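What follows is one structure encoded as structure tokens, with my remarks underneath.
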Amino acid sequence: MSIFVIVCVIVVLIALVLLRLFKKPRVQESYKVTQDIDLYKIGINEIDRMEDGKDFEMYLFRLFLCLGYDDAYKKQDSRDFGTDLVFTDREGYRNVIQAKRYALSMPVGLSAVQEVYSSMRFYRAKKSIVITSSKYTTSCEQLASYNGVKLLDRNDLIKMIELFKEQQHSKVKDIIEAEPYLSLDSWDDYRNNSKVIKKDRKAEKFIASGNKILETPVVKR
């Protein structure tokens, strides 16, 4: 093999490497929910490509209507008091939902549970649910378990979508209406008072030091 051929091969290889290094990643087109959307053509990939949370709320609204929740309705974007969707389950209980279309790298935090739980009285609801395309932080899961807020994460959402496309609507409802995980079964558990709550020791020392200063007698000269 001549030197010329070897040089050509090396140049081509270097060009291919450089092309791969500097090639811009393909940006997926955003997915927009329209009035004539076909729910059977929407999966988790389309949800990930949605422009914002409003599209996700609209998707869930349409999904709940198709599942047979006739009284389901979507709240206005302003003054929703922490609730995006409202529906009545098969037992006749009103539920409030907060929808969070987050990236998988961005877990849902405490505020989602705090907001949807605090909105229950306003909507006269008995149950509260958070549905996300992501996952939840540990603190979010803990707070939800103590307040009876049901959390549906990305895996639950994917399962719901798959069952819906298989026309198994009752099983989708089973996932939605399943009882939330509870850390405490009854108020009697509070009487035990054995739960260790972390206290802010720095704050206690700060207040204690202030009290000592106030208690120091003034020496008259």
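Since we're looking at a predicted model, the values are computed, not measured.
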key: Short side-chain donor-acceptor distance under 3.5 Å, Thr137 and Ser139   = yes
Inter-residue atom distance Lys159.NZ - Asn155.CG, 0.5 Å rounding = 11.0 Å
key: Least distance between heavy atoms, Phe64 atom then Ala72 atom   = CB-CB, 4.2 Å
remark   = Rounded to the nearest 0.5 angstrom, the CG-CD distance for Leu110 and Glu141 is 11.0 Å
ask   = Leu163 versus Ile175: any side-chain heavy-atom pair under 4.5 Å?
value = yes
Lys127, Arg94, Lys126 screened by salt bridge (Lys or Arg N to Asp or Glu O under 4.0 Å) with Asp89, the one that passes = Lys127
query = Hey, does Tyr146 have a side-chain heavy atom less than 4.5 Å from the side chain of Ser183?
reply = yes
inquiry  = Going by salt bridge (charged side-chain N to carboxylate O under 4.0 Å, His left out), name the residues that satisfy it together with Lys150, two or more places apart in sequence or in a different chain.
reply    = none
query = Tell me, do Ile158 and Arg154 make a side-chain contact under 4.5 Å, heavy atoms counted?
reply = yes
task = Go through Arg62 and Asp38 one step at a time and tell me if the salt bridge (charged side-chain N to carboxylate O under 4.0 Å, His left out) criterion holds.
result = CA-CA 10 Å; Arg62 292 288 301 274; Asp38 185 352; over 6 Å; no
ask   = So, are Arg101 and Glu51 salt-bridged, with charged N and O less than 4.0 Å apart?
value = no
query = Taking the six-membered ring of Tyr40, is the NZ or CZ of Lys165 close enough (under 6.0 Å from the centre) and on axis enough (within 45°)?
reply = no
ask   = Are Arg90 and Asp174 ion-paired here, with the side-chain N under 4.0 Å from a carboxylate O?
value = yes
task = Starting at CE of Met160, measure out to CG of Leu152 and round the result to the nearest 0.5 Å.
result = 6.0 Å
request  = Verify, without hydrogens or angle tests, whether Asp84 (side chain) and Ala99 (backbone) share a donor-acceptor contact under 3.5 angstrom.
outcome  = yes
task = Report yes or no: does Glu115 contribute a side-chain atom to a donor-acceptor pair with the main-chain N or O of Ala112 at less than 3.5 Å?
result = no
ask   = Once you round to the nearest 0.5 Å, how far does OG of Ser133 lie from NZ of Lys100?
value = 11.0 Å
remark   = Distance col, row Lys135:NZ vs Asp156:CG, nearest 0.5 angstrom, shows 14.5 Å
query = Is it true that Asp200 and Lys205 have a side-chain N and a carboxylate O under 4.0 angstrom from each other?
reply = no
request  = With sequence neighbours excluded, tell me which residues meet ring-ring contact (aromatic ring centres under 6.0 Å, His included) with Tyr102.
outcome  = none
Note, Ile42 side chain near Ile47 side chain (heavy atom, < 4.5 Å) = yes
query = Considering the options Leu60, Leu67, Ile129, which one meets the side chain to side chain contact (heavy atoms under 4.5 Å, CB included) requirement together with Phe87?
reply = Ile129
key: Same apolar cluster (I L V M F W Y, side chains within < 4.5 Å links), Met106/Val113   = yes
query = Do Tyr181 and Tyr136 sit in the same hydrophobic cluster, where Ile, Leu, Val, Met, Phe, Trp and Tyr count as joined when their side-chain heavy atoms come under 4.5 Å apart?
reply = no
message = So, taking the atom named CG in Leu151 and the one named OG in Ser145, what distance separates them when rounded to the nearest 0.5 Å?
response = 8.5 Å
Test item: Tyr123 and Lys75 side chains (from C-beta on) under 4.5 Å apart, heavy atoms = yes
request  = Could you tell me whether the side chains of Thr132 and Asp153 share a donor-acceptor contact shorter than 3.5 Å?
outcome  = no
remark   = Heavy-atom nearest pair, Phe56 first then Ile131, reads CE2-O, 3.8 Å
ask   = Is any side-chain heavy atom of Tyr59 closer than 4.5 Å to a side-chain heavy atom of Leu39?
value = yes
note = Residues at least two apart in sequence or cross-chain that pass side chain to side chain contact (heavy atoms under 4.5 Å, CB included) with Asp70, listed by chain then number, are none
request  = Please examine the side chains of Phe164 and Cys66, heavy atoms only from C-beta on, and report whether any two atoms are closer than 4.5 Å.
outcome  = yes
message = Does the Lys NZ or Arg CZ of Lys173 fall within the cation-pi geometry relative to Tyr69 - under 6.0 Å from the ring centre and within 45° of the axis?
response = yes
note = Looking only at heavy atoms, the pair that brings Gly109 and Cys140 closest together is O-SG, 3.3 Å
ask   = Can you find a pair of side-chain heavy atoms, one from Val149 and one from Val130, that are under 4.5 Å apart?
value = yes
task = Please indicate whether Tyr73 has more than 12 foreign heavy atoms, meaning atoms of other residues, nucleotides or ligands, lying under 6.0 Å from its OH.
result = yes
